[in-house]
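In what follows, every heavy atom counts, from backbone to side chain, and hydrogens, waters and symmetry copies are set aside. Here, residue 1 is the first one in the sequence, and each next residue gets the next number. Owing to the predicted nature of the structure, the values given are computational and were not obtained by experimental measurement.
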Amino acid sequence: MQILPETDAAQLLGRLVEQQVPGGRGLEAWRSLLEAHATLMRRLDTDLVRETGLALADFDVLAQLAQADGELRMTELADRALISRSGMSRRVARLVNEGLVHREKAGTDARGVVVALTKAGLARLAETAPVHARGISELFVAQLDDRQLALLEAALSKVTIDCSFG
């Protein structure tokens with residue numbers, strides 16, 4: 001296996017990107033978005049686990065169910081949540097074992113599965129939501145003024161796409 005010198009690899013990548021993004025327009029904004037997302041998600045997860053013992057992805061599942069009046073089909077939950085569809089089955093299985101959600105067949109659809117929030121899951125959500133909301137407030141909202149928040153929301157709404165993964 002031939003390993004390229006670092007400068008050759010960097011030059012190759014630069015040429016390939018330049019072909020698709022002339023002049024690099026928007027790449028710094030893109031990198032900033034990725035870095036902000038990654039660092040905020042890591043910090044929110046770390047803080048939530050440290051203060052409550054619940055991972056951010058678990059919190060997200062419970063929150064998505066609560067926002068949907070307590071239950072969702074597994075496919076809908078996977079579309080709404082922050083984690084991958086493949087990771088969702090394992091996560092839900094663990095949350096079932098912890099008694100925070102339960103699964104059942106979706107009526108007459110033998111292949112469909114509904115995931116529902118339990119009373120214990122709702123109690124766990126009530127315990128963790130204030131910690132998560134405080135993190136959002138301190139790490140994100142407090143760093144921006146109202147004009148910046150409005151501009152960011154407007155800009156990101158233009159690039160938000162349907163991310164239903166198959």
Side-chain angles (χ1 to χ4, degrees), residues 20-21 26-27 29-144 146 148-166:
Q20 301 302 316
V21 186
L27 286 179
W30 174 247
R31 286 185 191 107
S32 292
L33 173 66
L34 292 178
E35 187 175 312
H37 177 267
T39 57
L40 285 168
M41 297 304 283
R42 279 193 300 262
R43 177 71 185 273
L44 289 168
D45 184 50
T46 298
D47 291 352
L48 194 63
V49 168
R50 185 183 70 246
E51 293 186 42
T52 71
L54 188 70
L56 181 58
D58 291 341
F59 172 84
D60 186 46
V61 168
L62 299 179
Q64 294 298 333
L65 291 171
Q67 290 172 339
D69 294 327
E71 67 179 40
L72 284 168
R73 293 179 67 94
M74 182 70 110
T75 54
E76 295 170 314
L77 179 58
D79 287 344
R80 292 180 183 202
L82 298 173
I83 61 173
S84 70
R85 185 177 288 252
S86 63
M88 183 59 72
S89 294
R90 289 185 301 275
R91 185 159 306 274
V92 167
R94 200 176 68 258
L95 293 172
V96 166
N97 288 339
E98 293 175 18
L100 302 179
V101 302
H102 73 270
R103 277 187 298 214
E104 57 190 48
K105 297 273 185 211
T108 59
D109 182 3
R111 295 180 308 168
V113 174
V114 172
V115 180
L117 196 57
T118 64
K119 288 182 182 181
L122 186 58
R124 190 76 163 111
L125 183 63
E127 168 192 328
T128 55
V131 173
H132 181 61
R134 183 176 66 242
I136 292 168
S137 179
E138 292 173 359
L139 299 170
F140 180 72
V141 177
Q143 306 306 313
L144 304 168
D146 289 345
Q148 291 169 321
L149 288 168
L151 285 170
L152 184 59
E153 181 182 359
L156 292 176
S157 71
K158 289 184 177 187
V159 296
T160 300
I161 58 173
D162 178 8
C163 288
S164 302
F165 300 103

Which atom pairs, donor and acceptor, lie under 3.5 Å between side-chain atoms of residues 59-67 and protein residues at least two apart or in another chain?
| unit_1 | atom_1 | unit_2 | atom_2 | d |
| --- | --- | --- | --- | --- |
| Asp60 | OD1 | Gln64 | NE2 | 3.1 |
| Asp60 | OD2 | Leu82 | N | 2.7 |

Working note: Val115 + Val92, criterion side-chain contact (heavy atoms from CB on, under 4.5 Å); need CA distance, chi angles, decisive distance, verdict.
CA-CA 8 Å; Val115 180; Val92 167; 4.0 Å; yes
Are the side chain of [X] and the backbone N or O of [Y] linked by a donor-acceptor pair below 3.5 Å?
X      : Y      : value
Ser137 : Ala133 : no
Asp45  : Ala55  : no
Ser157 : Ala154 : yes

Can you name the side chain to side chain contact (heavy atoms under 4.5 Å, CB included) partners of Ser89, sequence neighbours left out?
Met74
Set of residues satisfying side chain to side chain contact (heavy atoms under 4.5 Å, CB included) with respect to Glu138, sequence neighbours excluded
Arg134
In terms of heavy-atom contacts, does CD of Gln148 have more than 12 from other residues, nucleotides or ligands at under 6.0 Å?
yes
Do other residues, nucleotides or ligands put more than 12 heavy atoms under 6.0 Å from the CG atom of Asn97?
yes
Arg50: partners by side-chain hydrogen bond (donor to acceptor under 3.5 Å, both in side chains), with sequence neighbours left out:
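Result, side-chain hydrogen bond (donor to acceptor under 3.5 Å, both in side chains) vs Arg50: Asp47.
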side-chain contact (heavy atoms from CB on, under 4.5 Å), that's the test. Do His132 and Leu44 meet it? Break it down for me.
CA-CA 7 Å; His132 181 61; Leu44 289 168; 4.1 Å; yes
Hey, could you give me the [atom1]/[atom2] distance between [X] and [Y], rounded to the nearest 0.5 Å?
X      : Y      : atom1 : atom2 : answer
Arg103 : Leu95  : CZ    : CG    : 10.0 Å
Glu153 : Thr160 : CD    : OG1   : 9.5 Å
Leu100 : Arg94  : CG    : CZ    : 9.5 Å
Met88  : Asp79  : CE    : CG    : 9.0 Å
Leu149 : Gln143 : CG    : CD    : 10.5 Å

Residue pair Ala120 / Gly99: nearest heavy atoms and the distance that separates them
CB-O, 3.5 Å
Identify all side-chain donor-acceptor contacts of residues 31-40 below 3.5 Å with residues at least two apart in sequence or on another chain.
| unit_1 | atom_1 | unit_2 | atom_2 | d |
| --- | --- | --- | --- | --- |
| Arg31 | NH1 | Glu28 | OE2 | 2.8 |
| Ser32 | OG | Glu28 | O | 3.0 |
| Thr39 | OG1 | Glu35 | O | 2.8 |
| Thr39 | OG1 | Ala36 | O | 3.3 |

Taking Glu76 first and then Arg80, would you say they form a salt bridge - that is, a charged N and a carboxylate O separated by under 4.0 Å?
no
Please list all pairs passing the side-chain hydrogen bond (donor to acceptor under 3.5 Å, both in side chains) test where one or both residues lie in residues 113-126, with sequence neighbours left out.
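Found Arg124-Glu127.
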Quickly, which of Leu77, Asp58, Val96 forms a side-chain contact (heavy atoms from CB on, under 4.5 Å) with Arg91? Name it, please.
Asp58
